[in-house]
Asks: 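Dumping the structure here so I can ask a few things about it.
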Protein chains: 2
Amino acid sequence: MVEATLALIDGKWKGVILSHLLEGTLRFSELRRRMPGVTQRMLTNQLRELEADGLIDRTIHAQVPPRVDYSLTERGHSLREVLDALRLWGEIHIGLFAQPKAAA
Amino acid sequence: MVEATLALIDGKWKGVILSHLLEGTLRFSELRRRMPGVTQRMLTNQLRELEADGLIDRTIHAQVPPRVDYSLTERGHSLREVLDALRLWGEIHIGLFAQPKAAA
DNA sequence: CTGTATCCCTAGGGATACTG
DNA sequence: CAGTATCCCTAGGGATACAG
């Protein structure tokens with residue numbers, strides 16, 4: 001079951017996308033700006049996969065210029081604890097205050 | 001930071017390996033038996049990466065036939081909460097009692 | 001602005017055979 | 001038993017250009 005959950009949030013950018021969407025709804029361009037390094041193709045790609053997995057909603061506003069909003073579904077929000085656990089661990093064990101790997 | 005943590009447990013078999021080692025020390029062949037589908041190459045490979053990341057210890061017993069034990073380091077044990085969070089989420093949202101994705 | 005469509009390239013994995 | 005050593009193959013990603 002661990003693997004199954006990992007499968008949903010694996011993908012180079014999914015963790016980051018989800019983290020940003022935890023803060024609230026964002027449009028495509030806003031996500032891009034928050035994620036330097038991601039290409040349009042990849043961002044679209046990962047968003048589509050997250051959508052297919054029922055973790056995010058995609059709302060298209062019929063406007064010119066176009067506007068598309070992305071937000072977490074209930075299922076997506078339920079991942080908050082998981083994401084928090086991952087982030088917290090990272091901050092403690094990889095971040096600034098990380099202990100040296102081992103005193104061997 | 002989420003990505004950094006994910007990087008450590010990503011890899012097709014790492015999550016499973018860590019889960020098994022949470023139960024206690026296991027030797028190579030025991031891990032293999034608990035993981036049908038993994039090849040020697042992959043198991044060795046993933047174990048080496050986990051070792052390099054300081055998550056597991058590898059203890060060689062000079063015997064004939066050879067015996068190698070794998071166990072979690074302190075750092076590895078500290079991942080328990082993360083792994084639990086992942087497993088729990090999976091059981092609830094993907095397992096038997098999972099809700100349908102959405103009533104659309 | 002929000003995407004597709006191509007092309008390309010590498011790392012991750014699998015199958016299989018061999019070894020100390 | 002516990003690994004290497006090869007070979008091969010695909011999916012995941014990146015760059016770039018084009019489109020509604």
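Throughout, protein chains are lettered first and strands after them, A, B, ... in sequence-line order, and every chain is numbered starting at 1.
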Asks: Could you give the distance from OG1 (B:T73) to CG (B:L55), rounded to the nearest 0.5 Å?
Replies: 5.5 Å

Asks: B:R67: which residues meet the salt bridge (Lys or Arg N to Asp or Glu O under 4.0 Å) condition with it, sequence neighbours left out?
Replies: B:D69

Asks: If I take atom OG from residue B:S71 and atom CD1 from residue B:I56, how far apart are they, to the nearest 0.5 angstrom?
Replies: 8.0 Å

Asks: Considering only residues two or more places apart or on different chains, which pairs with a residue in residues 41-50 of chain A satisfy salt bridge (charged side-chain N to carboxylate O under 4.0 Å, His left out)?
Replies: A:K14-A:E49, A:R48-A:E51

Asks: Can you name the closest pair of heavy atoms from A:V38 and A:M42 and give their distance?
Replies: CG2-CB, 3.9 Å

Asks: For B:A4, enumerate each residue passing the side-chain contact (heavy atoms from CB on, under 4.5 Å) test, keeping only those at least two apart in sequence or located in another chain.
Replies: A:I94, B:M1

Asks: Just how large is the angle between the end axes of the helix from C:dC1-D:dG20 to C:dG20-D:dC1, five pairs per end, to 10 degrees?
Replies: 50°

Asks: Are any of B:Y70's side-chain N or O atoms less than 4.0 Å away from OP1 or OP2 of D:dG3?
Replies: yes

Asks: Looking only at heavy atoms, what is the nearest atom pair of B:L8 and B:L50, with distance?
Replies: O-CD2, 4.1 Å

Asks: Going by the rule side-chain hydrogen bond (donor to acceptor under 3.5 Å, both in side chains), which residues pair with B:R58 if we only count those two or more places apart in sequence or in a different chain?
Replies: B:Y70

Asks: Say you draw a straight line from CG of A:L83 to CG of B:L86; how long is it, rounded to the nearest 0.5 Å?
Replies: 9.0 Å

Asks: Could you state the CG-P distance from A:L43 to C:dT4, rounded to the nearest angstrom?
Replies: 11 Å

Asks: Could you identify which residues of residues 57-67 of chain A place a heavy atom less than 4.0 Å from some atom of DNA chain D, listed by residue number, or say none?
Replies: A:P66

Asks: Please tabulate, for the side chains in residues 16-30 of chain B, all donor-acceptor contacts under 3.5 angstrom to protein atoms that are two or more places apart in sequence or on a different chain.
Replies:
{"residue": "B:S19", "atom": "OG", "partner": "B:G15", "partner atom": "O", "Å": "2.8"}
{"residue": "B:E30", "atom": "OE1", "partner": "B:R27", "partner atom": "N", "Å": "2.7"}

Asks: In the 5'-to-3' direction, what one-character label does each nucleotide of nucleotides 12-17 of chain C receive under the scheme B = base within less than 4.0 Å of a protein heavy atom, S = sugar-phosphate only, - = no such atom?
Replies: -BBB-B

Asks: Under the 3.5 angstrom rule, does the side chain of A:R75 hit a backbone N or O of A:D53 as a donor-acceptor pair?
Replies: yes

Asks: Would you name the heavy atoms of B:Q46 and B:W13 that are closest together and state the gap between them?
Replies: OE1-N, 3.3 Å

Asks: Apply salt bridge (Lys or Arg N to Asp or Glu O under 4.0 Å) to A:D84 and list each qualifying residue two or more places apart in sequence or on a separate chain.
Replies: A:R87

Asks: Does anything in residues 24-32 of chain B come within less than 4.0 Å of DNA chain D? Heavy atoms only, and list the residues if so.
Replies: B:R27, B:F28, B:S29

